[in-house]
Chemist: 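Structure in structure tokens, see below.
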There are 2 protein chains.
Amino acid sequence: MKPGSEQISQKLKNAGMKVTPQRHAILEALYTLNNHPTVENIAEYIRKTHPGVATGTVYHVLDTLVQNGLVQRVKTDKDVMRYDATLENHHHIYSARTERIEDYFDNELDDLLLSYFQKKKLPNFDIDKITLQINGAFVDDSK
Amino acid sequence: MKPGSEQISQKLKNAGMKVTPQRHAILEALYTLNNHPTVENIAEYIRKTHPGVATGTVYHVLDTLVQNGLVQRVKTDKDVMRYDATLENHHHIYSARTERIEDYFDNELDDLLLSYFQKKKLPNFDIDKITLQINGAFVDDSK
DNA sequence: CTCACTGCAAAGGTTTTGCAGTGGG
DNA sequence: CCCACTGCAAAACCTTTGCAGTGAG
């Protein structure tokens, strides 16, 4: 669930980052807008409370967050980057018709995959993480 | 394996597309450069034999190929689009350190996933296709 | 022949970069 | 106080678009 203001500051500190208002706001935005927001989504959201944050700063802060492991980029086949602050192991459900991307948590599946790839090693490759792209259609997505 | 020239023409015809030299060359490039090339990779490759093909044409042809189901876009967390002409069910192995993306075929895994999601339905979602993102490091990738 | 496709170039949108000024530790 | 961070704006990229000319069926 969504961390409070203190916890957000703590996360930044733990990652060895200075706690600036911009970083705090951007990380909070990521926890609030939990549907894999774009830079534009984030900029728009934080300007409600922090007007005057430059778009370049949002890009820069997100880069830093990614490098410090607090945020991940989401793989898509579109040309706009999307970000995800959920660090626990999870998968992504992609709508074929809209830009919607939902998280999917499933420990049973994770165990299944883990044991599968423990016995079936890939030659020449060390697996770090496996994420499912579940593609299809949400039944309530109109267009 | 890689289709011959005739088979490439036939694939275009089957998809209801006119067979132009550009389309033929681009589709052939995709089968030859089988490591999920970018538009630049493709343009560079086909200009060896077909100089003067405009970059805009490559984009346009790739779009058409995607729409007619002969080619798929590959999901990445980079801002350069990559393409894949392999239509059989397969997964992708992503290098954490380089731009390398390899195909991974595994029928046993596909069956496992199929049966798993047959019993474990996702509410509100019709699954079309599931692709694994296998992230990690190739042991022989230097950088 | 005709209409879809291509070439070319300009425009659009996203992301990166550079530099001066500011503020968190 | 100092260095990292931010704001601003320009630049760099990738991709899309518009239009006139060409060629596949």
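Here is how names work: the chains are called A, B, and so on, in the same order as the sequence lines, proteins then strands, and each is numbered from 1.
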Chemist: Nearest of dC5(C), dG7(C), dT15(D) to any side-chain atom of Val80(B)?
Modeler: dT15(D)

Chemist: Looking at His24(A), I want to see if its NE2 is surrounded by more than 12 non-hydrogen atoms of other residues, nucleotides or ligands under 6.0 Å.
Modeler: yes

Chemist: Indicate whether OP1 or OP2 belonging to dG7(D) is found under 4.0 Å from a side-chain N or O atom of Gln22(A).
Modeler: yes

Chemist: Please pick, from dC8(C), dA4(C), dG7(D), the nucleotide with the shortest atom-to-atom distance to any side-chain atom of Lys18(B).
Modeler: dA4(C)

Chemist: Please check if the number of heavy atoms outside Lys120(A) that lie under 6.0 Å from its NZ is greater than 12.
Modeler: yes

Chemist: For residues Gln10(A) and Asn14(A), is any side-chain donor paired with an opposing acceptor at under 3.5 Å?
Modeler: yes

Chemist: May I have the distance from Lys13(B) (atom NZ) to dA24(D) (atom P), rounded to whole angstrom?
Modeler: 13 Å

Chemist: Rounded to whole angstroms, how far apart are CZ on Arg47(A) and C1' on dC8(D)?
Modeler: 12 Å

Chemist: For the side chain of Val19(A), starting at C-beta, report the closest nucleotide among dT6(C), dT6(D), dG25(C).
Modeler: dG25(C)

Chemist: Given atom CG of Leu12(A) and atom P of dT6(D), what is their separation to the nearest angstrom?
Modeler: 10 Å

Chemist: If you only use heavy atoms from C-beta on, which nucleotide in dT15(D), dA4(C), dT15(C) is closest to the side chain of Tyr59(A)?
Modeler: dT15(C)

Chemist: Which heavy atom of Ala29(A) sits nearest a heavy atom of Ile42(A), and at what distance?
Modeler: CB-CG2, 4.1 Å

Chemist: Within this structure, what is the CE-to-C1' distance between Met17(B) and dC5(C), rounded to whole angstrom?
Modeler: 10 Å

Chemist: Can you tell me which nucleotide in dA24(D), dT15(D), dT6(D) comes closest to the side chain of Pro21(B)?
Modeler: dA24(D)

Chemist: How many whole angstroms separate atom CZ of Arg23(A) from atom P of dG7(D)?
Modeler: 12 Å

Chemist: Rounded to whole Å, how long is the line connecting atom CD of Glu99(A) with atom P of dT14(C)?
Modeler: 12 Å

Chemist: So, Asp79(A) and Arg73(B), do they make that salt bridge, N to O below 4.0 Å?
Modeler: no

Chemist: Taking CG from Asp63(B) and C1' from dT17(D), how many angstroms apart are they, rounded to a whole number?
Modeler: 12 Å

Chemist: Quick one: which of dA24(D), dT6(D), dC8(C) gets closest to the side chain of Thr20(B)?
Modeler: dA24(D)

Chemist: Please compare Thr55(B) and Ala54(A) by the position of their nearest nucleotide in DNA chain D and report the one closer to 5'.
Modeler: Ala54(A)

Chemist: Nearest nucleotide by nearest heavy atom, which residue falls closer to the 5' end of DNA chain C, Asp79(B) or Gly56(B)?
Modeler: Gly56(B)

Chemist: Whole angstroms only, please: what is the CZ-P distance between Arg82(B) and dC13(D)?
Modeler: 19 Å

